[in-house]
Undergrad: 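Next up is a structure, given as structure tokens.
These numbers come from a predicted model, not from an experiment. Hydrogens, waters and symmetry mates are skipped; everything else that's a heavy atom, side chains included, is used.
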Amino acid sequence: MKKLISLLTAYTPLCTYADDTETTDLYSLASSLSADTDYLNIVNYKHGDDRPVPMQVFRDYLKKCSVLETCYAPLEIFSDSVMGGSCVGISLLEVLAHNGVIKPSDIQAGAETLSEITYNEEVDKIITGYQCSQGYTYFDYYEKFIMTSNSYEQQIDRLIDTAENSMKDNKYFWLVIRAENFSHAVCGIGTADGEWEWNGKKYDKCILTLDSNSADADRNAWGFHKDACIYINSETRECYIPVYEIGIDKGPAFVAIDDDMFLNHKGTINTTETVDTDIASIKQVSRDTSETTKLYAVSADGNMTLFDDPLFSDYAGKANFIKADSVHIDVDDEPEDFPNFRYISSDRWVDIEFLDETRAGKDVYNADVDISDSNVYMKSNEGTIEEIILQIRMNDGTYGCEPFFWWIIDVKDLSDDIDVEVRDNGMLLKSNGHIRARMTPYRYQLDEDGNFKFDDSGFFTMDVENVSSQYTGAYIESDNDVFVSIDNQEIMYYIDKNGDDVYDDKVEKGDVNCDGFIDAVDASLVLEKYAENSTDSDKNTGIGKALGDYNADGLIDAVDASLILEKYAELSVTE
């Protein structure tokens, strides 16, 4: 499954103007704000045949990705980031250079101002490196959170406040502009009060910008131009951007960010290690289901906030970006398609797909799902959910046995509540009754240095393989809570015999129901599985080779059942 992305990559045609040499108050103000020297003298461009994508930048980008970000589709996200345009990279460099975070000479040796820099391959690598910032989860989510959690009027107020405060401190700020079929990033440099009129409407405030699309007829970067500014009526909050003919009728949205550490957190030059902006609690929740399904944001004190409709469906793929400690989803509808939910925080990807092959014979879906960073709790209120496939992908450090971070958990029976808890080194399945599930852990291939592999031609390849072909799936059928982990590339099972919530009692081969005993019940379950396999039944008894293949011959059959009975008899005599 792909990450929901809405990157600022739309390559807007260059804004060309007639020779405009008039000196106005706006131009004088822009000059006083260093607009003549602190714009990057490179027009917005996209990569193609004449400008190949620098693959070294992709390697550097990948090294800065968390494991969570890497398990999305990093090559696709990287390509989307750089193939559409370079407005993000150019505008970020303008903000960071003016604010003193980096120096022009860091971009090109000998340059004292940004306007002295000329394009070459090395400069391209730096611009492209910053262009990739939007591919990082924290960057992507914060921008969309601001956009989806603030009304248009609030976005305008935030834009004005950011521009005024930045101007007082002689700082630039970063600005995202979105509208119908339009996404663009510019550098905000200040604000002005005055009287302007466009298309018969009056505006009394202007947000000054450096726009990388601005160029003269010879494709020379213009930097500041009055037509690329944002004009606002402070009373009605109406806005207009002349060069793009974007007004209130085009449904514009604005995100203004003035946190230099945030903007350079994974930057190429003088990378900052921390951010002032609170991004840790931002979650993305996507819903591919009918509108009757309810989504709640849950705070640490248990308060729940209802989100009726997905916001900004054109921008965010029908997703909500919310600040919450966890989310709660009520499923109670008759969907045309199987419902699907995706929950992504800074270090978790949880994907839930409801399956019901006999859906035509049922009136409703009826289930509750609660998700936090460490738990996924699933409850089928009336037993109407036949099956759920749950994917959990983790960030670095979740496991001591990296690089395992992707589990697919196929819950075959929701007649009882199921709670999946992420713990160090594995997953704990808990239930108030019976557990019937299959778990498959995956890993990514790393080289000898612990980095993700590249092929001989220098292109990145991501191979996803099972932990071991012999242990393709970890099957569980038990009335007990079971912890599933990885040890020496093999799936291992543990239970908690003494009730201290420490799952350190290893389940021995032959104990297929994970109750801590090898007995006749286990032999019967193996025979049942053997019979099902013989008839090629679609029914899936929760017995995997790790526990049921007692003689390790690759089969679960009557021989295994006989050997388990022998072991049971031996243990009975010993005891």
Side-chain angles (χ1 to χ4, degrees), residues 6-8 10 12 87-88 91-92 95 133-134 138-168 171-193 196 198 201-211 228-259 262-263 276-279 281-284 297 305 307-323:
S6 182
L7 301 173
L8 303 177
T12 307
C87 61
V88 172
S91 55
L92 282 175
V95 173
S133 295
Q134 61 187 315
Y138 81 99
F139 204 103
D140 182 36
Y141 283 15
Y142 183 59
E143 178 218 327
K144 290 175 180 174
F145 169 74
I146 294 174
M147 192 178 303
T148 58
S149 61
N150 290 286
S151 65
Y152 166 77
E153 290 76 13
Q154 291 172 325
Q155 292 174 23
I156 291 292
D157 290 342
R158 176 189 172 93
L159 171 58
I160 294 173
D161 290 343
T162 302
E164 291 177 345
N165 293 332
S166 297
M167 189 173 173
K168 290 178 184 177
K171 295 285 188 72
Y172 287 175
F173 63 95
W174 193 65
L175 176 59
V176 178
I177 306 169
R178 292 187 185 270
E180 293 178 2
N181 302 317
F182 180 83
S183 297
H184 191 42
V186 299
C187 172
I189 68 174
T191 180
D193 295 324
W196 299 274
W198 299 96
K201 292 187 176 181
K202 295 184 178 181
Y203 304 88
D204 60 355
K205 193 169 290 289
C206 175
I207 307 297
L208 286 72
T209 67
L210 299 177
D211 191 329
C229 294
I230 304 169
Y231 296 88
I232 300 171
N233 184 311
S234 59
E235 182 176 346
T236 65
R237 297 300 192 273
E238 288 187 278
C239 72
Y240 188 67
I241 308 175
V243 68
Y244 302 116
E245 297 182 346
I246 290 176
I248 193 69
D249 58 315
K250 297 291 182 67
F254 301 95
V255 176
I257 300 176
D258 58 359
D259 181 353
F262 174 86
L263 297 176
D276 289 336
T277 304
D278 178 18
I279 59 174
S281 61
I282 296 177
K283 324 288 184 184
Q284 173 189 318
T305 303
F307 288 83
D308 290 320
D309 297 310
L311 298 177
F312 285 91
S313 58
D314 292 340
Y315 300 147
K318 295 183 178 180
N320 289 98
F321 292 85
I322 60 179
K323 280 193 174 183

Undergrad: Please check this pair: side chain of Gln155 against backbone of Met147, looking for a donor-acceptor N/O pair closer than 3.5 Å.
TA: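 Answer holds: yes.
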Undergrad: Is the shortest side-chain heavy-atom distance between Asp258 and Lys171 below 4.5 Å?
TA: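 Side chain of Asp258 against side chain of Lys171, heavy atoms only: no contact under 4.5 Å found.
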Undergrad: Treating Thr209 as the side-chain partner and Ile230 as the backbone partner, does any N or O pair qualify as donor plus acceptor under 3.5 Å?
TA: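 Not at all, since once roles are kept as given, no pair shorter than 3.5 Å links the two residues.
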Undergrad: Would you call the rings of Tyr141 and Phe321 parallel, tilted or perpendicular if under 30° counts as parallel and over 60° as perpendicular?
TA: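 Tyr141 vs Phe321 ring planes: perpendicular.
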Undergrad: Could you state the interatomic distance from CZ (Phe145) to CD (Gln284), rounded to the nearest 0.5 Å?
TA: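 Reported to 0.5 Å precision, the distance equals 13.5 Å.
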Undergrad: Looking at every heavy atom in both Ala163 and Gly190, which two are closest together, and how far apart are they?
TA: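 Closest approach of Ala163 to Gly190: CB-O, 4.1 Å.
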Undergrad: Under 6.0 Å between ring centres: does that hold for Phe262 and Trp174?
TA: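 Centroid separation for Phe262 and Trp174: 6.0 Å or greater.
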Undergrad: More than 12 heavy atoms of other residues, nucleotides or ligands under 6.0 Å from CD of Glu245: yes or no?
TA: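 Open.
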Undergrad: Could you measure the distance from the NZ atom of Lys323 to the OH atom of Tyr142? Nearest 0.5 Å is fine.
TA: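 It comes to 7.0 Å.
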Undergrad: Nearest 0.5 Å, what's the CH2-CG distance between Trp196 and Asn233?
TA: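 The CH2 atom of Trp196 sits 11.5 Å away from the CG atom of Asn233.
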Undergrad: So Ile232 and Leu159, do their side chains get closer than 4.5 Å, heavy atoms only?
TA: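 Leu159 vs Ile232: side chains touch.
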Undergrad: Atom CD1 of Ile257 and atom OG of Ser166: how far apart are they, to the nearest 0.5 Å?
TA: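 That separation rounds to 11.5 Å.
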Undergrad: Determine whether the side chains of Asp204 and Ser234 contain a donor N or O and an acceptor N or O closer than 3.5 Å.
TA: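 Result is yes, a qualifying pair exists.
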Undergrad: To the nearest 0.5 Å, how far apart are NZ in Lys168 and CD in Glu164?
TA: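 Rounded to the nearest 0.5 Å, the NZ-CD separation comes out at 6.5 Å.
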Undergrad: May I ask you to test the Pro252-Tyr152 pair for a side-chain heavy-atom distance under 4.5 Å?
TA: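 Yes; the side chains approach each other to less than 4.5 Å.
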Undergrad: Answer whether the closest heavy-atom distance between the side chains of Ile177 and Phe254 falls below 4.5 Å.
TA: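 With C-beta onward as the side chain, the pair touches.
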Undergrad: In terms of ring plane angle, is the pair Tyr244 and His184 parallel, tilted or perpendicular, where the classes change at 30° and 60°?
TA: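 Because their plane-to-plane angle is over 60°, the rings of Tyr244 and His184 count as perpendicular.
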Undergrad: Enter the distance from Asn320:CG to Lys144:NZ here, rounded to the nearest 0.5 Å.
TA: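 The NZ atom of Lys144 is 12.5 Å from CG of Asn320, to the nearest 0.5 Å.
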Undergrad: Which heavy-atom pair separates Ser91 from Val186 by the least distance, and what is that distance?
TA: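 Closest approach of Ser91 to Val186: CB-C, 3.6 Å.
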Undergrad: Tell me the closest heavy-atom pair linking Cys187 and Tyr172, and the distance in Å.
TA: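 Heavy-atom minimum between the residues: SG-CD1, 3.4 Å.
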Undergrad: Identify the heavy atoms of Asp140 and Gln134 that sit nearest to each other, and give their distance.
TA: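 So the minimum-distance heavy-atom pair works out to CB-O, 3.7 Å.
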Undergrad: Between Ser183 and Arg178, which heavy-atom pair has the shortest distance, and what is it?
TA: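 Of all heavy-atom pairs spanning Ser183 and Arg178, the closest is OG-NH1, 3.0 Å.
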Undergrad: Do other residues, nucleotides or ligands put more than 12 heavy atoms under 6.0 Å from Lys201 NZ?
TA: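 At most 12 heavy atoms, drawn from other residues, nucleotides or ligands, come within 6.0 Å of this atom.
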Undergrad: Would you mind reporting whether Ile322 and Thr305 have side-chain heavy atoms less than 4.5 Å apart?
TA: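 Side chain of Thr305 against side chain of Ile322, heavy atoms only: no contact under 4.5 Å found.
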Undergrad: Closer than 4.0 angstrom, basic N to acidic O: yes or no for Glu235 and Lys202?
TA: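 Looking at Lys202 together with Glu235, the answer is no, because their closest N to O distance does not fall below 4.0 Å.
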Undergrad: Does the side chain of Arg237 reach to within under 4.5 Å of the side chain of Asp157, using non-hydrogen atoms?
TA: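 Touching, per the 4.5 Å side-chain cut-off.
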Undergrad: Would Phe173 and Asn165 count as a side-chain contact (heavy atoms from CB on, under 4.5 Å) if you check the C-alpha gap in whole Å, the side-chain angles of each, and the deciding distance to 0.1 Å?
TA: CA-CA 10 Å; Phe173 63 95; Asn165 293 332; over 6 Å; no
Undergrad: Can any side-chain N or O of Thr191 pair as donor or acceptor with the backbone N or O of Cys206 at less than 3.5 Å?
TA: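 A pair under 3.5 Å: yes.
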